[in-house]
Structures are given as C-alpha cells and as structure tokens.
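Index from 1, following the sequence. None of these values were measured; they are calculated from a predicted model. Just follow the structure's listing: the first ligand is 1, and inside any ligand the first atom is 1.
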Amino acid sequence: MRFDILTLFPGMFSSPLQESILGKAIEKGLIEIHIMNIRDFALDKHHVADDAPYGGGQGMVMKVEPIARAIESVKLQNPFAKTIYLTPQGRPFDQDLARRFSALPHLILLCGRYEGVDERVRELFVDEEVSIGDYVLTGGELAAMVLIDAISRFIPGVLGSERSAQEDSFYHSLLEYPQYTRPFDFRGHCVPEVLLSGNHSMISCWRRKEALRRTSSRRPDLLSRADLSEEDKKLLGEILHQDKRGKAGNEF
Ligand code: 6GU
C-alpha cells in the first residue's frame, strides 16, 4: 500500500517511520511512503503556501494552488488515489475506518495547519475528512502518522506471521485482559495462580472474564456493541455480583 503525505513540515515524519514495525514494513516493501513538502509546489520566489483569510480575522489559510499541484502530481501517477484531509472537523477515526482504508492501494494524506485549507481544496480535491479525536492538535501531521500506523497493521505481513490485527481487542469489541510476566512475586504482588496452572481452558475462561470485567468497568459503551455469548453473559453476571460486594466498579 502506498501513502503520499502532503505537509508543510516534512521533518516531522522522518524518525517515526524508521522505527520498529513500520520501519520494517517499509524495508520489506509492504508499505511505501512518500513525503511531499507543499511549499515545493508553490511557484513564487519565496514558495509561499499560506495567506491571510478573505474577510479578515486571525491566522493564515493554506492556499489552494500549491495543494492542487501537489495532489495533481500524485494523481498523474495514479488517478485512483483517494485524498484524505486530516482536520478536527472530520469523521472520527476508528478501527473500522482503519480496516476500510487498508483495503485501498493508495492514499494521499493532506495535513492541515493554521486555520485550515482554502474551502476550494475540500470542494475539488478531498474525498474524505478524518479527525483522530475531540481535541485540537497544532496540525494534521501527528494524525496522519496515527492513520498510517493503524492502517498498516491490517496489511498482511506487517505484524509478522504469528499475529494479526484481526485478533486485536477492538475487533472483538472488548478490551484486553491483564498480562503478567516474571517475576511471580513483585514486592508482594503476585501473578494470579490460574495462569501458572497449565490448565488452558481455565486460563481462557479467566482471561475472557477479566476482559469482560475491564470492558464493563472502563468502556461500557463497547460492551453494548459486543457480540456476547451465553457464557459471556453468565461471566458478566458473576462480575456484577462480585463488584456489588466490594472493590472495582467504574475504574475511572
Ligand atoms: Cl486530524 N487535526 C488537528 N489539527 N487536530 C486534530 C485532528 C486533526 N484530530 C483531532 N484533533
């Protein structure tokens, strides 16, 4: 899969894309990332890519012509590339959208800065607008990295053979169960005995119950969307009964 990033700050992408899983995916040729500086597509002497807003007011607006030229230069190579504009006004990004985007061969990620882009960029060039949450960033660059990371995990080979994004928690709409590794006893805080029992059906049952407990306490909104079995409902009943008698409840 190919990503073309259009940004005023290309330096923001260099080291995150060289590390760890994404770095290896690029080395293996599973994903291809092109960083383009929008200023390189401004034809005036000073490569100006922004200007004051018509009508007055605070800040600067990203000009339409350099963005148009940058997008058109990518579309010349692939007319079917889809353009995503990263903006707090966009549709909230989630695991379903990540999965849908991962099926596309080529995305252009347009990173907004300042007061955003000239409205004609939206009208003429943008296929979808995406936000990564209800808070304001200084620009779309970190949001573009978030998209690339979440989308790439769905591309076969990126996570390695033993794991797949399909197995992850949001896929099953539950949060992950607690994990432990050595030592068994850390300052008197011990690992639950069941995990040392070697009884795999008991271990699976414990993990499912703890995933349900964590989800019901932290993200009850996810539980209502989850596909729960009769066994899950029984475990949830036990959890509610236990929590009524003591501790837990909403962890936040
Ligand atoms: Cl995509 N851009 C900016 N500037 N802020 C954001 C965002 C995007 N998503 C959440 N906050």
Side-chain angles (χ1 to χ4, degrees), residues 1-17 19 21-22 31-42 48-55 57-68 70-71 74-75 81-104 106-155 165 168-170 175 218-219 221-222 252:
M1 176 167 185
R2 173 169 165 175
F3 299 93
D4 283 76
I5 304 171
L6 273 55
T7 173
L8 293 173
F9 299 95
M12 287 184 72
F13 294 90
S14 37
S15 66
L17 293 173
E19 301 290 334
I21 291 173
L22 290 186
I31 55 176
E32 186 183 334
I33 301 183
H34 297 251
I35 317 276
M36 306 169 80
N37 189 341
I38 295 168
R39 281 168 68 92
D40 293 343
F41 295 85
V48 174
D50 59 348
D51 203 345
Y54 270 114
Q58 283 268 306
M60 298 291 266
V61 175
M62 291 170 72
K63 289 167 68 64
V64 60
E65 305 104 306
I67 294 172
I71 291 176
V74 179
K75 294 258 182 136
K82 291 279 172 251
T83 301
I84 315 297
Y85 174 42
L86 284 314
T87 164
Q89 299 171 33
R91 163 182 176 176
F93 187 59
D94 63 13
Q95 190 74 341
D96 287 336
L97 197 51
R99 187 182 306 105
R100 177 158 74 75
F101 284 157
S102 74
L104 302 174
H106 191 172
L107 290 181
I108 300 170
L109 302 177
L110 171 61
C111 304
R113 277 272 155 176
Y114 318 120
E115 309 309 311
V117 296
D118 185 302
E119 189 63 21
R120 291 162 294 186
V121 171
R122 286 194 157 100
E123 279 171 37
L124 299 172
F125 299 104
V126 170
D127 296 300
E128 297 206 42
E129 301 188 22
V130 172
S131 159
I132 62 162
D134 292 338
Y135 41 80
V136 181
L137 301 170
T138 53
E141 283 77 8
L142 291 173
M145 276 299 319
V146 166
L147 260 68
I148 290 171
D149 191 300
I151 293 167
S152 299
R153 298 177 74 265
F154 282 103
I155 294 169
D168 286 335
S169 58
F170 275 84
L175 301 182
R218 298 185 182 194
R219 293 292 305 275
D221 58 308
L222 293 180
F252 298 142

In sequence, state the C-alpha distance, the side-chain angles, and the governing distance for T7 and E141, and then conclude on side-chain hydrogen bond (donor to acceptor under 3.5 Å, both in side chains). CA-CA 7 Å; T7 173; E141 283 77 8; 2.6 Å; yes
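- Remark: ligand 1 and V130 share no N or O pair separated by less than 3.5 Å (distance only, no angle test).
- Under 4.0 Å from ligand 1, not a single heavy atom of D134 appears.
- Summary of contacts: the protein heavy atom closest to atom 9 (N) of ligand 1 is I132 N, 3.0 Å.
- Only the side chain of A143 comes within 4.0 Å of ligand 1, judged by heavy-atom distances.
- Protein heavy atom nearest atom 1 (Cl) of ligand 1, with residue, atom name and distance: T87 N, 3.1 Å.
- Within the model, atoms CG of D4 and CD1 of I84 stand 12.5 Å from one another, a figure rounded to the nearest 0.5 Å.
- In this structure, R122 pairs ionically with E119, as a charged nitrogen and a carboxylate oxygen lie closer than 4.0 Å.
- Nearest heavy atoms, P53 versus Q58: CG-O, 4.0 Å.
- Across all non-hydrogen atoms, the minimal contact from L8 to A49 is CD2-CB, 3.7 Å.
- Of the possible donor and acceptor atoms, none in the side chain of D118 sits under 3.5 Å from a partner among the backbone N and O of K63.
- In terms of protein heavy-atom proximity, atom 4 (N) of ligand 1 is closest to L137 O, 3.3 Å.
- If you check which protein heavy atom lies closest to atom 11 (N) of ligand 1, you get Y135 O, 2.6 Å.
- When the options G133, G140, G90, P88 are ranked by their closest heavy atom to atom 10 (C) of ligand 1, first place goes to G133.
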